[in-house]
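For reference, the structure is listed below as structure tokens.
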Amino acid sequence: MKTLLLTESDIDKAAEIIKNGGLVAIPTETVYGLAADALNGEAVAKIFKAKGRPMDNPLIVHISDVAQAERLVSDFPQKARTLAENFWPGPLTMVLPKSELIPDEVSAGLSTVAIRFPSHPIARALISASSPLAAPSANLSGSPSPTTANHVYDDMNGRIDAIINGGECDVGVESTVITLAEETPTLLRPGGITLEQLREKIGEVKTHPAVLKPLEDGMNAASPGMKYKHYSPKAEVILLKGTQKEFLSYVRSHDGERTAVLCYDEEKSFFAENGITLGGMTDYASHAHRLFTSLREADRRGFKRIYAHCPSAEGIELAVYNRILRAAAFRIIEL
Ligand code: TXA
Ligand code: MG
């Protein structure tokens, strides 16, 4: 299959592809998504094939106005409305009981559906010109999510109908996922909308244990995506937990030829050859923004091992921690 490279002036062409049951990779404010008509089960099935994604891992449905969401769910509780008013459009996904319109391919047989209203103008324009879009991140299953059209091209060229180039994604990690289909709202995946922001608006929000730990045998995979290996570059990632002094001294004494260091701007001078910076030490939004692109860069430059700081678990750093922990297969060295 030839993959067309489109721009924001090709929304009509992209909408045609979607209406004909094809696949189009689209920019969003979080990461690039691989989109199909969410109401067409056959089209949605192609997404799983193109990504090599397990069929039991459900997809997020992207909408371009709240009225659309009302038709896709069977219950829209008050807390969901409050979150929608405060954080939509934006990087927040809500899991709610699904309506009959949702094909089984989207929800992987669950009774719920994940809904998100993205803020990116290209994503919104395409949804308005076609239909609600089912879209996972547009990477091959298991690898880091794409934050540029080039990343998508590297993974998906020849496997999908088109890619719309919308430049670099703003947030850089996937949306926050919260379920409101349970007694107490529960955070399933941290992202650009923080736990603190959610609690401020709706009160108690639990954190699913798999956000910070490997899913243990017998633990309920509230979000099927929790079961799978995620975000891994080819290089081995190792997290180091300790002070900056301990970090620098450990890395210097273990510095191999093909070892990269995910560092901060303030440390870049120590790693002239192999440092890849996430931004200023306390510029947490930048850490999120650059995380996946840095992991991909390490692979591109042929590094075999990546040392990284162990992030804190607060604010947007919780999202960075959750992703890098998985990229590191939960390996942390306490310094
Ligand atoms: O920012 C994002 O959310 C991006 C962009 C493209 O919008 N999309 C994205 O999709 O990250 P994906 O498929 O890579 O991640 C969706 C996550 C998975 O962990 C999946 O298991 C979970 O959401 N999920 C989807 N539907 C669910 C449901 N009904 N119940 C629980 N978890 C669900
Ligand atoms: Mg993904």
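Numbering of ligands and ligand atoms starts at 1, following listing order.
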So, are [X] and [Y] salt-bridged, with charged N and O less than 4.0 Å apart?
X      : Y      : result
Arg81  : Glu70  : yes
Asp155 : Arg296 : yes
Glu183 : Lys206 : no
Arg323 : Glu174 : yes

Open item on the list: So for Lys98, does at least one of its heavy atoms come nearer than 4.0 angstrom to any atom of ligand 1?
Closed with: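 Lys98 does not count as a contact of ligand 1 under the 4.0 Å cut-off.
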
Task: Ser107 near ligand 1 by a heavy-atom separation under 4.0 Å - done: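 Outside the 4.0 Å threshold, so no.
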
Task: the Mg ion (ligand 2) neighbourhood, protein N/O/S only, threshold under 2.8 Å - done: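 Under 2.8 Å from the Mg ion (ligand 2) - ignoring waters, which are not counted - the protein N, O or S atoms are Ser137 OG.
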
How far is [atom] from the closest protein heavy atom, and which atom is that?
atom                    : answer
atom 25 (C) of ligand 1 : Pro58 O, 3.4 Å
atom 15 (O) of ligand 1 : Arg189 NH1, 3.0 Å
atom 6 (C) of ligand 1  : Gly33 CA, 3.4 Å
atom 14 (O) of ligand 1 : Ser137 OG, 3.1 Å
atom 5 (C) of ligand 1  : Thr30 OG1, 3.6 Å
atom 10 (O) of ligand 1 : Pro136 CA, 3.4 Å
atom 22 (C) of ligand 1 : Ser223 OG, 3.1 Å
atom 21 (O) of ligand 1 : Asn57 OD1, 2.7 Å

Donor-acceptor contact below 3.5 Å, side chain [X] vs main chain [Y]:
X      : Y      : result
Ser119 : Gly90  : no
Asn165 : Thr7   : no
His287 : Gly280 : yes

Please list every donor-acceptor pair under 3.5 Å in which a side-chain atom of residues 95-104 meets a protein atom from a residue at least two apart or in another chain.
from, atom 1, to, atom 2, distance (Å)
Lys98, NZ, Asp104, OD1, 3.4
Lys98, NZ, Ser107, OG, 2.9
Ser99, OG, Arg71, O, 2.7
Ser99, OG, Leu72, O, 3.4
Ser99, OG, Leu101, N, 3.2

Task: Where ligand 1 meets Thr112 - atom numbers and elements under 4.0 angstrom, heavy-atom basis - done: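 The atoms of ligand 1 under 4.0 Å from a heavy atom of Thr112 are 28 (C), 29 (N), 30 (N).
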
Open item on the list: Checking contacts here: is it the side chain or the backbone of His208 that comes within 4.0 Å of ligand 1, counting heavy atoms only? Could be both or neither.
Closed with: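 Contact part for His208 vs ligand 1: neither.
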
Open item on the list: Tell me the contacting part of Ala135 for ligand 1: side chain, backbone, both, or neither, using a 4.0 Å heavy-atom threshold, strictly below.
Closed with: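 It is the backbone that gets close, since no side chain atom is under 4.0 Å.
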
Open item on the list: Can you confirm whether the side chains of Ser137 and Asn139 place a donor and an acceptor under 3.5 Å from each other?
Closed with: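 Indeed, the side chains of Ser137 and Asn139 share at least one donor-acceptor pair under 3.5 Å.
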
Open item on the list: If we count only N and O atoms by modelled type, under 3.5 Å, do the side chains of Thr30 and Ser175 hold a donor and an acceptor together?
Closed with: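 Not at all, the side chains of Thr30 and Ser175 share no donor-acceptor pair under 3.5 Å.
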
Task: His309 and Tyr264: CA distance, side-chain angles, deciding distance, ring-ring contact (aromatic ring centres under 6.0 Å, His included) verdict - done: CA-CA 9 Å; His309 287 280; Tyr264 303 132; 4.5 Å; yes

- [ ] List in chain and number order the residues that pass salt bridge (Lys or Arg N to Asp or Glu O under 4.0 Å) with Arg301, two or more places apart in sequence or in another chain; answer none if no residue qualifies.
- [x]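 Arg301: salt bridge (Lys or Arg N to Asp or Glu O under 4.0 Å) contacts with Glu297.
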
- [ ] For Arg199, enumerate each residue passing the salt bridge (Lys or Arg N to Asp or Glu O under 4.0 Å) test, keeping only those at least two apart in sequence or located in another chain.
- [x]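 Checked Arg199 against salt bridge (Lys or Arg N to Asp or Glu O under 4.0 Å); zero matches.
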
Task: N or O pair under 3.5 Å between Thr28 and ligand 1 - done: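 Between Thr28 and ligand 1 (N or O atoms, distance only) the closest approach is not under 3.5 Å.
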
Open item on the list: Tell me whether Thr93 has any N or O atom under 3.5 angstrom from an N or O of ligand 1.
Closed with: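 It does not: no N or O of Thr93 is found under 3.5 Å from an N or O of ligand 1.
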
